[in-house]
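FYI, side chains are in, hydrogens and waters are out, and symmetry mates aren't considered; it's all heavy atoms of this structure.
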Amino acid sequence: MKRYICILLLIFLLFGSTDVFAWGQKGHDIVTCIAEKHLTRKARKNLNAILDGKSLMYYSSWMDNVQNSPYWKDGYDRTKTWHYFNVDEGFTPQTMSRNPKGDVLSAMNMLIDSLENHSNELSDSVKIDYLRMLIHLVGDMHCPMHVGRLSDRGGNELHIKWFKQNTNLHALWDSKLIESVHSWSYTEWQQNLDHCTKAEFKEISAGTPEDWLNETWKVTCGIYDYVKPDENYSYKYMYDYAPVVEHQLLVAGYRLAALLNRIFG
Ligand SMILES: [Zn+2]
């Protein structure tokens, strides 16, 4: 039994650390849980056929897992840069030079175009891959540190303290803040946030992925203005930013649902 626990602990230490380029699992689960509640019947039926009846939540972090898995890595190396879009100080998403290896905006546009306009040309395995990627990337695009600066690798090199524990700005926004502001399950997050009217849903889910990226970037700029390297943050930061985390997760969920309804509905 002791040996079994040691093996489990080792597995956790090796693979359980937070990925540096993703909302944590919780964030993605919340986004997909919200989206799931707003799928049309027809979209759900078509998604069931592709996802073999599995929920959006089931695949919410698949894209992070696949790129970090030694067994699956080869075919997915090209997707490593697809989770983020760096914008340095003094630039905007429009003036910053794009990563030639791809970014979250080019990836999302490619996935949407392929699934929406060229679905007949895709094999079943490519179709499910593209869908699982889209499910994940709509979430990532709304995570502020995924539109962070190249100079500090999206906040990964901006070291701060969170309740006196060493961390960095990226990790804070990927998971520590979500885990701190509410100790809810993803369904409780959905139940507590998801109260918009149909008109509000329509307004939030309007626009293009580029518009959504610009919105996230503005949030990110505010976060950089607020933070000072090596500073300790705790309750005040949580109070100030809880509504922002909640907003980003909610709008990501609505936009994912609207996209899937448009493509598969
Ligand atoms: Zn990611």
_How close do T220 and P144 get, counting heavy atoms only, and between which atoms?_
OG1-O, 2.8 Å

*Y224 to G155 - nearest heavy-atom pair and separation*: OH-N, 3.5 Å

*Shortest non-hydrogen contact from L56 to A35?*
CD1-CB, 3.9 Å

*With sequence neighbours excluded, what pairs up with D88 under the side-chain contact (heavy atoms from CB on, under 4.5 Å) test?*
F91, M96, R149, L150, S151

_Between N166 and K161 (side chain of the first, backbone of the second, donor and acceptor by atom type, cut-off under 3.5 Å), is there such a pair?_
no

*For K101 against W82, the heavy-atom pair lying closest together*: O-NE1, 3.6 Å

*Mark yes or no for whether Q248, through its side chain, and V245, through its backbone, hold a donor-acceptor pair below 3.5 Å.*
no

*Kindly compute the distance separating CG (D140) from CG (L213), expressed to the nearest 0.5 Å.*
11.5 Å

_Classify the ring geometry of H146 against H170: parallel below 30°, tilted from 30° to 60°, perpendicular beyond 60°._
tilted

*Apply ring-ring contact (aromatic ring centres under 6.0 Å, His included) to Y235 and list each qualifying residue two or more places apart in sequence or on a separate chain.*
F163

*Over all heavy atoms of both residues, which pair between K127 and L122 is shortest? Give the atoms and the distance, please.*
CE-O, 4.2 Å

*Between D152 and L158, is there a donor-acceptor pair closer than 3.5 Å when you use the side chain of the first and the backbone of the second?*
no

*Does M141 offer a backbone N or O that forms a donor-acceptor pair with the side chain of T216 under 3.5 Å?*
yes

*Are side-chain N/O atoms of N109 and E210 paired as donor and acceptor at under 3.5 Å?*
no

_Under 3.5 Å donor-acceptor, W212 side chain and A206 backbone_ = yes

_Residues which pass ring-ring contact (aromatic ring centres under 6.0 Å, His included) with H182, listed by chain and number, not counting sequence neighbours_ = W184, W189

*Is there a donor-acceptor contact under 3.5 Å from the side chain of T32 to the main chain of D29?*
yes

*Kindly write out the residues that satisfy side chain to side chain donor-acceptor pair (under 3.5 Å) with D240, not counting sequence neighbours, or none if the list is empty.*
Y226, K236

*Under the ring-ring contact (aromatic ring centres under 6.0 Å, His included) test, which residues partner Y254, sequence neighbours left out?*
H38, F201

*Would you confirm whether the ring centroid of W217 sits within less than 6.0 angstrom of the ring centroid of F85?*
no

*Where the side chain of H136 meets the backbone of S60, is there a donor-acceptor pair that is under 3.5 Å apart?*
yes

*Over all atoms of both residues, closest heavy-atom pair of N99 and T81*: ND2-CG2, 3.7 Å

*Which residues share a side-chain contact (heavy atoms from CB on, under 4.5 Å) with H195, sequence neighbours left out*: none

*Kindly say whether S185 contributes a backbone atom to a donor-acceptor pair with the side chain of E188 at under 3.5 angstrom?*
yes

*asked:* Please check: side-chain N/O of S123 versus main-chain N/O of V126, any donor-acceptor pairing under 3.5 Å?
replied: yes

